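The figures here come from the full heavy-atom set of this structure, side chains too, leaving out hydrogens, waters and symmetry mates. In this text, all values refer to a predicted model and were calculated from it rather than measured experimentally. Position 1 is the first residue of the sequence, and the numbers go up from there.
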Amino acid sequence: MATTEDNGFRHPIGVVSRRTGLSASALRAWERRYGAVSPERSKGGQRLYSDADLERLSLLKRLVDEGRSISQVANLPLEDLLELAGQEVGTAAQPVPHHGATPPQAADQQAIDAQRTLERALRFTEEMRGESLQRTLTRAAVVLRPEALIGQVLVPLLTRIGETWKSGQMGAAQEHLASGVVRRFLEWLIDTAEVGQGAPVLLTATPQGHRHEFGALIAGTMAAEIGWRAVCLGPDLPADEIAAAAKRTGAAAVAISAVHGQEPGRLVAELTRLRQLLPDDVRLLAGGRGIEDVRSELTGSGVEVAHDLSVLPRVTRAS
């Protein structure tokens with residue numbers, strides 16, 4: 001017997017994310033992988049959650065935060081969930097407070113979970129346990145908010161992998177294995193994102209001569225988390241090809257990632273040409289260490305330099 005009656009109100013995924021403290025990726029994963037809830041769909045295909053769904057998800061979030069596996073509790077009756085949470089039947093679960101920012105206590109727990117996830121991911125990378133690394137990242141998508149998952153797990157993980165590989169402390173096989181797992185994980189996050197009809201498009205790529213695409217994939221992941229449709233073209237593309245793809249997909253913005261600063265003059269020329277080829281109303285964002293090296297040369301070019309990934313949601317929302 002449910003403790004929350006159905007009053008007919010339905011909530012979009014963004015509202016549910018804010019009220020439960022679960023990321024949109026977690027909500028989708030809990031539905032698809034574990035059948036935790038079965039939200040309705042709008043005519044445009046977007047998920048719509050009831051108050052009962054909110055109560056159930058809040059309870060599940062609390063139990064997972066206490067250390068239980070979502071696979072063990074996702075399909076339990078509501079009465080069992082309430083008992084596990086130490087509540088009396090008939091007392092509605094209180095959603096995690098969230099008003100645009102993670103509460104301090106929740107933020108502390110997110111930082112702890114992120115650090116543990118990073119340590120496990122690095123260990124599994126060293127031991128070449130690809131399946132364990134994949135499971136670790138997938139669980140992190142369930143329990144961590146997007147900013148913690150990206151900023152405190154994925155970016156440090158990729159940075160450490162790159163540094164240890166360059167220093168010779170990690171073999172090429174280990175680097176390739178881990179990179180493949182992370183790439184598939186990012187693509188999964190993008191593919192499972194909630195995208196409504198008419199969602200704006202963010203096109204991502206790396207410029208000609210730049211083959212490290214993780215920055216572009218992460219930019220696409222961040223855009224997908226805020227409801228954009230991310231189209232990731234991959235690495236090493238000339239300006240003409242990127243501009244043509246932007247026009248064909250109707251992109252509202254293009255995000256370019258350049259990690260290494262080799263041939264800075266060529267990079268500036270490619271970005272300047274891309275800005276000239278894109279329609280005036282399409283924003284061109286560029287980020288990465290390679291972009292930082294040529295920041296001054298890009299002044300006045302119309303290229304918007306994003307000094308870190310946190311700027312992407314603000315920039316794309318403003319488009």
task = Evaluate the side-chain proximity of L267 to I291: yes if any heavy-atom separation is below 4.5 Å, no if none is.
result = yes
remark   = Residue set satisfying salt bridge (Lys or Arg N to Asp or Glu O under 4.0 Å) with R129, at least two apart, ordered chain then number -> E127
request  = Output the distance between atom CD1 (I13) and atom CZ (R28), rounded to the nearest 0.5 Å.
outcome  = 5.0 Å
ask   = If you measure from the Lys or Arg side-chain nitrogens to the Asp or Glu carboxylate oxygens, is any gap between D293 and R289 under 4.0 Å?
value = no
Validation row: L217, T204 side chains within 4.5 angstrom (heavy atoms) = no
request  = Evaluate the side-chain proximity of P264 to E297: yes if any heavy-atom separation is below 4.5 Å, no if none is.
outcome  = no
ask   = Do V182 and L177 belong together in a cluster built from hydrophobic side chains that touch within less than 4.5 Å?
value = no
inquiry  = As an exercise, state the distance from OG1 of T221 to CZ of F185, rounded to the nearest 0.5 Å.
reply    = 8.0 Å
task = Tell me, with the steps shown, if Q208 and R266 meet side-chain contact (heavy atoms from CB on, under 4.5 Å).
result = CA-CA 9 Å; Q208 195 166 38; R266 179 182 178 187; 3.1 Å; yes
query = Which pair of non-hydrogen atoms, one from G35 and one from N75, has the smallest distance, and what is that distance?
reply = O-ND2, 3.4 Å
query = Atom OG1 in T117, atom CG in L157: separation rounded to 0.5 Å?
reply = 10.5 Å
query = Which atoms form the tightest heavy-atom contact between S25 and L189, and what is the distance?
reply = OG-CD2, 3.7 Å
message = Among residues at least two apart in sequence or on other chains, which ones pass salt bridge (Lys or Arg N to Asp or Glu O under 4.0 Å) with R68?
response = E66
key: Minimum heavy-atom distance I161-A178, with the two atoms named   = CD1-CB, 3.6 Å
Shortest non-hydrogen contact between A140 and L149, atoms and distance = CB-CD1, 3.7 Å
inquiry  = Does R275, at its CZ atom, have more than 12 non-hydrogen atoms belonging to other residues, nucleotides or ligands within less than 6.0 Å?
reply    = yes
Exam field: side chain S50 to backbone R10, donor-acceptor pair closer than 3.5 Å = no
request  = Search all heavy atoms of A36 against all heavy atoms of L60 and return the closest pair with its distance.
outcome  = CB-CD1, 3.7 Å
remark   = The reported gap from CG in L122 to CZ in R160 (rounded to nearest 0.5 angstrom) is 4.5 Å
message = Determine whether Y49 and R19 satisfy the following criterion, side-chain contact (heavy atoms from CB on, under 4.5 Å), listing intermediate values before the conclusion.
response = CA-CA 12 Å; Y49 297 81; R19 291 182 60 182; over 6 Å; no
message = Which residues pass the side chain to side chain donor-acceptor pair (under 3.5 Å) test with E175, not counting sequence neighbours?
response = S179
request  = Might you point out which heavy atoms bring S257 and A216 nearest each other, and give the distance in Å?
outcome  = CB-N, 3.5 Å
request  = Taking the side chain as every heavy atom from C-beta outward, state whether R120 and R139 have any pair of such atoms under 4.5 Å apart.
outcome  = yes
message = Please determine whether the number of non-hydrogen atoms from other residues, nucleotides or ligands lying under 6.0 Å from atom CD of Q174 exceeds 12.
response = yes
inquiry  = Between E40 and L48 (side chain of the first, backbone of the second, donor and acceptor by atom type, cut-off under 3.5 Å), is there such a pair?
reply    = no
request  = Look at the side chain of D53 and the backbone N and O of S38, then say whether any donor-acceptor pair between them is shorter than 3.5 Å.
outcome  = no
key: P238 backbone acceptor or donor facing E241 side chain under 3.5 Å   = no
ask   = What residues form a side chain to side chain contact (heavy atoms under 4.5 Å, CB included) with A243, not counting sequence neighbours?
value = L274, L277, L278
query = Q46 and R41: side-chain contact (heavy atoms from CB on, under 4.5 Å), yes or no, with the steps?
reply = CA-CA 5 Å; Q46 293 181 302; R41 296 277 183 158; over 6 Å; no
query = How would you list, by chain and number, every residue that makes a salt bridge (Lys or Arg N to Asp or Glu O under 4.0 Å) with D240, sequence neighbours excluded?
reply = R273
request  = Please lay out, stage by stage, how L271 and S301 fare under the test side-chain contact (heavy atoms from CB on, under 4.5 Å).
outcome  = CA-CA 9 Å; L271 290 174; S301 66; over 6 Å; no
query = So, does T299 use its side chain to make a donor-acceptor pair with the main chain of S296 at under 3.5 Å?
reply = yes
task = Check whether any side-chain N or O of E213 sits under 3.5 Å from a backbone N or O of G234 as a donor-acceptor pair, and report yes or no.
result = no
request  = Give every residue pair that meets the side chain to side chain donor-acceptor pair (under 3.5 Å) criterion with at least one member in residues 245-255, sequence neighbours excluded.
outcome  = none
query = Given side chains that start at C-beta, do those of T164 and T125 come closer than 4.5 Å, heavy atoms only?
reply = no
message = Do T20 and L54 make a side-chain contact, defined as non-hydrogen atoms from C-beta onward lying under 4.5 Å apart?
response = yes
inquiry  = Does atom CZ (R33) have a neighbourhood of more than 12 heavy atoms from anything else shown, all under 6.0 Å?
reply    = no
query = Do Q134 and W188 have side-chain heavy atoms sitting under 4.5 Å apart?
reply = no
ask   = CG of L158 to CZ of R183: how many Å apart, nearest 0.5 Å?
value = 9.5 Å
inquiry  = Any carboxylate oxygen within less than 4.0 angstrom of a Lys/Arg side-chain nitrogen, looking at E292 and R295?
reply    = yes
Side-chain touch S17/L27, heavy atoms, less than 4.5 angstrom = yes
request  = Nearest 0.5 Å please: distance from the CG atom of L284 over to the CD1 atom of I256.
outcome  = 6.0 Å
request  = Without swapping roles, check the side chain of R56 against the backbone of A74 for a donor-acceptor pair under 3.5 Å.
outcome  = yes
